[in-house]
Chemist: 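The structure follows.
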Amino acid sequence: MSLTVASAALDTSWAEFGAVAYTAGTLADEDACVTEVESRLRRGTLSATTTPSTTEVKRWLQIAKQELAEIKNFTWKKRYVTATLAAGAYRYSLPPDFSGGAINIRDKTNNNSVRVVNTHVFDTLFPDPAEETSSEIVCACVRNLELWVMPPPNGNDVVELHYERTGDDVTAADFSWLPEIERNRCCLYAIYHSFASLKEWDATNFYKNEWKDGLGKAIRSDGKRKWSTTGYRVRSVFQA
C-alpha cells in the first residue's frame with residue numbers, strides 16, 4: 001500500500017499584530033551579530049571562503065534563536081498574528097514558526113472568543129465539516145499543523161491568533177524581536193561553534209560555557225517573571 005501526496009498546499013497569509021521590536025543596540029541585526037563574532041575570533045573579516053564562513057556563522061545565529069525560543073515559556077516567545085479568512089473555507093495553514101501547544105483565537109470581525117478543542121471533540125461536534133452552514137466561528141482545532149474552524153465563516157472574517165513561536169522566522173535575518181542581551185547570547189553560540197570549526201578547543205569550551213551560563217540565566221529570569229506576574233508559585237521538587 002502506498003500514499004499519494006496531495007499536490008495542493010494551504011498557504012494562509014498571517015500578519016503580525018502589534019509587532020514586537022526592541023531598541024536596536026549594538027547588535028541591531030544579523031550583520032551586526034556577524035561583526036561581533038568576527039571581533040571575538042580576531043581573524044579579520046569573514047567571507048564565503050574563510051573558516052568559519054559567513055554562511056556558517058549566520059546559520060549558527062539562526063539556530064541560536066531557535067534554541068532560545070525553545071527554552072522560553074513566557075515574554076517574547078508569545079506572538080499575536082491576524083489573518084483574513086475566506087468565506088466558506090474551514091481549513092487554514094498555521095504560521096511557519098508555530099511551535100505547537102496551546103493557542104488562543106479571537107474572531108475580530110464578530111468580537112468573539114473562539115473555543116479551541118482537541119480533534120476528538122471537534123470530530124464529535126462536526127463529523128462532516130463540508131455539511132456545515134457558514135456562520136460565525138464558534139469552535140476551532142489544530143489538525144496536522146492546520147487550523148480548522150467551525151462553522152466556516154460566511155464572509156472574510158479576520159481572526160487573531162495567539163501562539164508560541166519557534167524562532168524559525170520567515171525572515172532569517174530578523175533579530176528585532178529579541179532583546180539585546182538575547183542577541184548577545186546568539187553571538188556566543190555562533191562564536192563557540194566558530195572556534196570548534198577552527199579546532200581551538202580551549203576557546204571553544206570557554207564560549208560554550210558562556211553560552212550555557214546565559215541559557216541558565218535566561219531560564220531562571222523567565223521563570224521568575226512568569227510566576228510573579230501570574231500570582232502563582234511554582235512547586236518545589238519536594239512538593240512535586
Side-chain angles (χ1 to χ4, degrees), residues 8-22 62 65-130 132 134-172 174 176-179 182 218-219 222-223 225-227 229-232 234:
L10 296 174
D11 187 19
T12 306
S13 177
W14 295 91
E16 186 156 18
F17 177 74
V20 174
Y22 289 90
Q62 293 161 21
K65 284 195 297 182
Q66 296 172 35
E67 291 270 10
L68 284 168
E70 187 175 57
I71 67 168
K72 289 283 184 174
N73 56 8
F74 199 53
T75 59
W76 43 262
K77 185 178 179 181
K78 306 292 185 182
R79 196 175 199 181
Y80 289 87
V81 293
T82 59
T84 301
L85 307 187
Y90 62 88
R91 291 176 57 195
Y92 300 90
S93 61
L94 286 162
D97 62 346
F98 172 67
S99 67
I103 61 172
N104 293 315
I105 306 173
R106 186 167 67 91
D107 183 349
K108 296 185 67 177
T109 299
N110 300 295
N111 197 28
N112 291 324
S113 178
V114 178
R115 179 189 176 198
V116 180
V117 299
N118 60 41
T119 55
H120 175 72
V121 173
F122 189 89
D123 290 341
T124 301
L125 295 173
F126 308 101
D128 188 357
E132 296 295 326
S134 297
S135 183
E136 292 185 13
I137 301 169
V138 297
C139 185
C141 79
V142 174
R143 187 194 301 273
N144 294 336
L145 295 181
E146 293 180 4
L147 178 66
W148 288 32
V149 298
M150 276 289 120
N154 54 6
N156 298 123
D157 293 358
V158 177
V159 296
E160 178 184 290
L161 178 67
H162 179 206
Y163 67 99
E164 291 188 352
R165 68 199 304 172
T166 62
D168 186 9
D169 307 297
V170 177
T171 304
D174 181 20
S176 64
W177 56 276
L178 286 169
E182 305 293 357
I219 294 171
D222 203 53
R225 189 176 297 111
K226 177 179 181 180
W227 296 110
T229 54
T230 58
Y232 294 96
V234 64

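Note that the structure is predicted; figures quoted are calculated from it, not measured. Computed from heavy atoms alone, side chains included, the values below leave out hydrogens, waters and symmetry copies.
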Chemist: Which donor-acceptor pairs under 3.5 Å do the side chains of residues 150-161 make with protein atoms, sequence neighbours left out?
Modeler:
residue: N156; atom: ND2; partner: L85; partner atom: O; Å: 3.1
residue: D157; atom: OD2; partner: N110; partner atom: ND2; Å: 3.4
residue: E160; atom: OE1; partner: R106; partner atom: NH2; Å: 3.3

Chemist: With side-chain contact (heavy atoms from CB on, under 4.5 Å) as the test, would you mind laying out the steps for L10 and R91 before giving the verdict?
Modeler: CA-CA 8 Å; L10 296 174; R91 291 176 57 195; 4.0 Å; yes
Chemist: With the side chain counted from C-beta on, respond yes when N118 and R143 share a heavy-atom pair under 4.5 Å apart, and no when they do not.
Modeler: no
Chemist: Can we say K78 and E164 salt-bridge, meaning some charged N sits less than 4.0 Å from an Asp/Glu carboxylate O?
Modeler: yes
Chemist: Do R79 and W177 make a side-chain contact, defined as non-hydrogen atoms from C-beta onward lying under 4.5 Å apart?
Modeler: no
Chemist: Does some side-chain heavy atom of T166 sit less than 4.5 Å from a side-chain heavy atom of F98?
Modeler: no
Chemist: Classify the angle between the aromatic ring planes of W148 and Y90 as parallel (below 30°), tilted (30 to 60°) or perpendicular (above 60°).
Modeler: perpendicular
Chemist: Is any side-chain heavy atom of E16 less than 4.5 Å from a side-chain heavy atom of Y80?
Modeler: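 Side chain of E16 against side chain of Y80, heavy atoms only: no contact under 4.5 Å found.
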Chemist: With a 4.5 Å heavy-atom cut-off, do P95 and Y163 have their side chains touching?
Modeler: yes
Chemist: Assess whether side-chain contact (heavy atoms from CB on, under 4.5 Å) is satisfied between I137 and N112, documenting all intermediate values.
Modeler: CA-CA 8 Å; I137 301 169; N112 291 324; over 6 Å; no
Chemist: Is the closest basic N to carboxylate O distance between D97 and K65 below 4.0 Å?
Modeler: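 Between K65 and D97 there is no salt bridge, as every charged N stays at least 4.0 Å from the carboxylate O atoms.
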Chemist: Does any non-hydrogen side-chain atom of V149 lie less than 4.5 Å from one of Y92?
Modeler: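 The answer is yes; the side chains approach within 4.5 Å.
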Chemist: If you look at every heavy atom in T12 and S93, which pair is closest and at what distance?
Modeler: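 In this case the closest contact between T12 and S93 is N-OG, 2.7 Å.
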